[in-house]
Amino acid sequence: MRNYAEELDFLKSCQIETLELSDETPAGARVCIVPQWQGRVMTSTARGERGAGFGWINRPLIASKSTLPHFNPVGGEERFWLGPEGGPYSFYFAPGAAQNYENWRVPAALDTLPFEIAEVSKRKVRLMQEVELGNASGHRFRIGIDRSIELLRPTESEFLRKIPAAGKLDTVIYRSVNRITNLGEQAWTPQSGAPSIWMLGMFTPTTSTTVFIPYANPGSGEIVRSDYFGAMPANRLRVSPGLVCMRIDGAFRSKIGIPAGRDTGCCGSYDPKAGCITLIRHTRSTEGDRYVDSHWGHQDDPFGGDVINAYNDGPTETGEIMGPFYELETSSSAAFLQPGASKTHIQEVYHLTGEPTGLDAVLEAIVPGGAAAVKNAFKL
């Protein structure tokens, strides 16, 4: 990974306007945000300007100043999207279009349209936008978007305060509060389709990275969906009591999902060589919540989708590759909203780096089976 200062200098050299949240200490936490790319967090650091930047940034695409027809994967460790991606209520396919890569288009509102800065301070920024989108069933949606990002101190995290050893780790934490409002005159219903708030983070893959997702309710029923791009090989997915692990290397295109009722409100990744844990804590599903399904094509249940997804980049059917990168994704439930009503999805992103003892203590606190369950998931 490049250091944070190098990434900022690169963005500035490409005339990309950035905002920075900072704890105002030379070796402290920083978060870099780009308003013109929907207020996405491009990268962050726990160790000041010379510390590692955690977000994946697509330098060749940004430097080319090109605009691609399907999607502009400029990178960034937290971006705002709306689901669903596929199915009868997709925002990414035109009505009647076959749901394949040739016809897939990310709406400009979620790709190239900037968000407006409403408020900004040293530790917090608020951005807003109003968009109109059509779905694959021909329904139109006027949506108000309100997104705020705040840099947190470790002492403000109730979770970290319960782990004394975490106090020895270098940490950057930010919280995003993401709200959508129905600005139209019609209710959003199961018959019209409904959007969900979809947060995606792009990170740099390594041969030593493992994604971990604790799961709840270990009784009967589906635990993890792994057929997004075909069957997952046995050496890339491990399901143990209370825990799903996915091998991350940027060399095999694959995706998994955790359905509603199985999520525990957190997911993350661990890289022992880099000495880093990335942890995402998010709004958890509750009984009765329905989540949009983003599978392309026919769906038996358009509202039987996932709360958490993880994606490992790799060559497509044509041999092309977008990154490589990997993604950690969380979603809100479907926003069945009356006119004027709103829905909010909150997530906190933690990057913790330091000595193995401190990292192990964090894993012991959040992972069923403890640190060993993650470290031994894949013997590479």
Please tell me if the side chains of D301 and D293 come closer than 4.5 Å, counting only heavy atoms from C-beta onward. no
Is the side chain of N103 donor-acceptor paired with the backbone N or O of A98 at a distance under 3.5 Å, no angle test? yes
Students often mix this up, so state it plainly: with edges at 30° and 60°, are the rings of F80 and F115 parallel, tilted or perpendicular? perpendicular
Hphob cluster co-occupancy, Y174 + I117, side-chain heavy atoms under 4.5 angstrom: yes
Test item: Y215 and V224 side chains (from C-beta on) under 4.5 Å apart, heavy atoms: no
Do V349 and S176 touch side chain to side chain, with heavy atoms closer than 4.5 Å? no
Row check, F229 ring normal vs R253 NZ/CZ: under 6.0 Å, within 45°: yes
Residue pairs meeting ring-ring contact (aromatic ring centres under 6.0 Å, His included), one or both in residues 32-54, sequence neighbours left out, come to F54-H351
Using a 4.5 Å cut-off on heavy atoms from C-beta on, say whether the side chain of F212 contacts that of C267. no
Using side-chain heavy atoms (C-beta onward) and a distance below 4.5 Å, is P114 in contact with P35? no
For P324 against P205, the heavy-atom pair lying closest together: O-CD, 3.6 Å
Is any side-chain heavy atom of P195 less than 4.5 Å from a side-chain heavy atom of W188? yes
Examine L183 and F141 and state if one hydrophobic cluster contains both, with Ile, Leu, Val, Met, Phe, Trp and Tyr joined whenever side-chain heavy atoms are less than 4.5 Å apart. no
I321, V74: one ILVMFWY side-chain cluster at the under-4.5 Å cut-off? no
Give a yes or no on whether a salt bridge exists between D360 and K375, defined as a side-chain N under 4.0 angstrom from a carboxylate O. yes
With salt bridge (charged side-chain N to carboxylate O under 4.0 Å, His left out) as the criterion, how do R105 and D111 come out once you've worked through the C-alpha distance, each side chain's angles and the decisive distance to 0.1 Å? CA-CA 10 Å; R105 298 287 187 280; D111 192 29; over 6 Å; no
Within 45° of the ring axis of F336 and under 6.0 Å from its six-membered ring centre, is that where the NZ or CZ of R290 lies? no
Nearest heavy atoms of A194 and P84, plus distance in Å: O-CD, 3.9 Å
Minimum-distance pair of heavy atoms, taken over all atoms of R30 and T25: NH1-O, 3.1 Å
Within a strict 4.5 Å, meaning less than it, do heavy atoms of the P88 and Q299 side chains meet? yes
With distance as the sole test, does R284 use its side chain to make a donor-acceptor pair with the main-chain N or O of D263 at under 3.5 Å? yes
Verify the neighbour count for atom CD of E132: are there more than 12 heavy atoms of other residues, nucleotides or ligands below 6.0 Å? yes
Centre-to-centre under 6.0 Å for W296 and F93, is that the case here? yes
Of all heavy-atom pairs linking I180 and A335, the shortest is CD1-CB, 3.9 Å
Are the ring centres of F303 and Y89 closer than 6.0 Å? yes
With heavy-atom distances below 4.5 Å as the criterion, would you say the side chains of L352 and L160 are in contact? yes
Heavy-atom closest pair, residues Y4 and E20: OH-OE2, 2.8 Å
To the closest 0.5 Å, what do you measure between CD1 (I248) and OG1 (T204)? 12.0 Å
For R59, the salt bridge (charged side-chain N to carboxylate O under 4.0 Å, His left out) test, sequence neighbours excluded, returns E7
Between CG of D306 and NE2 of H295, what distance do you get to the nearest 0.5 Å? 7.0 Å
Determine whether the aromatic ring centres of residues W198 and F91 are separated by less than 6.0 angstrom. no
Would the number of heavy atoms belonging to other residues, nucleotides or ligands and lying under 6.0 Å from CD of Q36 be above 12? yes
For K65, look at atom NZ and say whether over 12 heavy atoms of other residues, nucleotides or ligands are found less than 6.0 Å away. yes
Pair E158 + R281, salt bridge at N-O below 4.0 Å: no
Please determine whether residues V125 and L11 belong to a single hydrophobic cluster, defined as Ile, Leu, Val, Met, Phe, Trp and Tyr linked transitively by side-chain heavy-atom distances below 4.5 Å. no
Checking E77 against S44 for the side-chain hydrogen bond (donor to acceptor under 3.5 Å, both in side chains) test, could you report, in this order, the C-alpha distance in whole Å, the side-chain angles of both residues, the deciding distance, and whether it holds? CA-CA 8 Å; E77 63 175 83; S44 63; 3.1 Å; yes
Under a plain distance cut-off of 3.5 Å, with no hydrogens placed, do D271 and S208 share a side-chain donor-acceptor pair? yes
With hydrophobic residues grouped by side-chain heavy-atom distances under 4.5 Å, do V307 and I213 end up in a single group? yes
Has the side chain of S66 got a donor or acceptor atom that lies under 3.5 Å from a matching backbone atom of L68? no
How close do V131 and A109 get, counting heavy atoms only, and between which atoms? CG1-CB, 3.5 Å
Strictly under 6.0 Å, is that where the ring centroids of Y311 and Y228 end up? no
